[in-house]
Amino acid sequence: MAEALVQSGLHLHEQLMSTAHPRQALVVSLLVLCPLLLLLARFATTGKATTSRERLLAKLPSPPTRLPVIGHLHLVGSLPHVSLRDLVERHGHGGLMLLRLGAVPTLVVSSPRAAQAVLRTHDHAFASRKGSAVTDILFYGSSDIAFSPYGEHWRNIRKIVTTQLLTVKKVRAYRFVREHEVRLVMEKTGEAAAMGKAVDLSGLLLFFTNEIMCNIVSGKLFMEEGRRNKLFRELTEANSKLLGGFNLEDYFPSMGRLGVVRKVVCAKAKKVSKRWDDLLDRLIDGHDSKSVANHGDEKISDLIDVLLSIQQQYGLTRDNVKAILVDMFQAGTDTSSIVLEYAMAELMRKPRLMEKLQAEVRGIVPRGNDMVTEDDLNSMSYLKAVIKETLRLHPPVVLFVPHLSLADCDIEGYTIPAGTRVIINGWAIGRDTSSWERADEFVPERFMEGSSTANVDYSGNDFLFLPFGSGRRMCPGTVPLHSNTR
Ligand code: HEM
């Protein structure tokens, strides 16, 4: 179940990063596109090995079996993160390898040391992104946080997210939303258990995280909630499919610029984007800067309220606001539910660990309390270790959103030319056998006191454990994740 889940790739970043594709999809797509192949070959081979950039790329370690037109695409199997890890082990050097994915030279980074070079030593040079026709449509000209190129606009919206939207204070304020949703999940599970019915945990956890994100982003006052939340779920899934599908332009950018190809590639994305746009327009129109969701005495503004209230101060257009909102949904929903699902799957497979965790919870929650409160969680060191271990072994973002280099950089004795796409394999880094003992096993004890890796954490400073990345493009979502999963 778990590996399939990684592949079904529900999370924004996971989708975005799936620049490497299942072979089947590739073969089908290429058959369909056969008439275009000759043209492709022309585009794909232009400038080959003649420029200084090509000469630098040619020095990088790379699998020898490169085919005309598709390059190394045929080497990438149905689990791209696994294929890439294996390919780097076989053909890479120092955790680095160059793949030609169609016409796009792509640097694959697969070891803690190489990741440190990219995300810390040369962070500035590797901090950009390259949008595509699809991200331009779904994210309002790629003006969201995840796809914006490095520069003024990205700095501005990233600041908004970290100082206004995803702050500890703000996330704490939504505690009542989380507690309400946890109670609902408990009730549903309890009812099913009483009737001896099986529970679809994946569905329940996805529903749970989606409900939380919906209430945090757009509050409780606007539109009939059930309908709105369902629509958000559908649209998030539609985005994931589009971002994770085979997009010709990702591999053959020159082809993508041809009007006719762009039209075909973009038709579906435009339909989905129109539905997002209608929904976001209705939600934004339903808000005004003074609107607040009430909970007892607390007055909690949702993320739309916050964005509208600072819109002028930060010079945001309405489309910028919408792009940020799409990011929050896309990035915030599946990640947390995937972590929860893997944690449950691992604990079910290892009842001894489940008992240990239950004993910790029972020892801390006062007798008679039917719910664990968020205050109780701080003292639960084994629970924290279980979550860390889940993130190490099953990071929901297996391959990071591709980075783009802005300047030439020397790494591990190679010069990586400016304009190179970089894929960081977070999944492989978490399972690196030179960093982790019994790397493929679920052992939360490795994060408990007394273990040599007890203090390793995911703040982006320990390069052997990067579930959220590191550096300028590191995930800004650690604060909400903490609250949603625990
Ligand atoms: C378990 C939960 C999550 C994990 C493991 C995770 C992981 C990541 C990773 C690995 C990246 C890419 C870093 C890079 O490209 O170098 C990323 C980017 C991002 N994440 Fe998350 N994420 C999670 C949850 C969230 C949540 C809850 C939000 C917001 C509500 C969020 C918002 C973002 C955004 C906006 C970016 C793009 C940052 C940028 O390009 O500047 N993530 N995340």
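For ligands, and for the atoms within them, numbers begin at 1 and follow the listed sequence.
Between Glu374 and Arg172 no salt bridge is recorded (no basic side-chain N to carboxylate O distance below 4.0 Å). Taking the charged nitrogens against the carboxylate oxygens, Arg318 and Asp281 do have a contact shorter than 4.0 Å, which makes a salt bridge.
For the pair Pro467 and ligand 1, a heavy-atom separation below 4.0 Å is found. Not close to ligand 1: Pro395, with no non-hydrogen atom less than 4.0 angstrom away.
Between Phe126 and His122, the angle of the ring planes goes over 60°, which puts this pair in the perpendicular group of the 30/60° scheme. Ring geometry, Tyr150 versus His124: the interplanar angle exceeds 60°, so the pair is classed perpendicular (tilted spans 30 to 60°).
With respect to Phe447, the ring-ring contact (aromatic ring centres under 6.0 Å, His included) criterion is satisfied by exactly one of Phe465, Tyr382, Phe442: Phe465.
Asn461 places a side-chain heavy atom less than 4.5 Å from the side chain of Arg120. Residues Gln330 and Leu138 are not in side-chain contact: their nearest non-hydrogen atoms beyond the backbone lie 4.5 Å or more apart.
Every atom of ligand 1 is numbered from 1 in the order shown, and the set under 4.0 Å from a heavy atom of Ala146 is 37 (C), 40 (O). If you number the atoms of ligand 1 from 1 as listed, the ones under 4.0 Å from a heavy atom of Pro396 come out as 1 (C), 5 (C). Short contacts between ligand 1 and Arg129, defined as distances under 4.0 Å to a heavy atom of the residue, involve ligand atoms 14 (C), 15 (O), 39 (C), 40 (O).
At least one N or O atom of Arg473, backbone or side chain, sits closer than 3.5 Å to an N or O atom of ligand 1. Of the polar atoms of Arg472, none of the N or O atoms is found under 3.5 Å from an N or O of ligand 1, judged by distance alone. Among the atoms of Arg158, some N or O lies under 3.5 angstrom from an N or O of ligand 1. An N or O contact shorter than 3.5 Å links His403 to ligand 1 by distance.
At a heavy-atom cutoff of 4.0 Å, ligand 1 is contacted by the side chain of Trp154 but not by its backbone.
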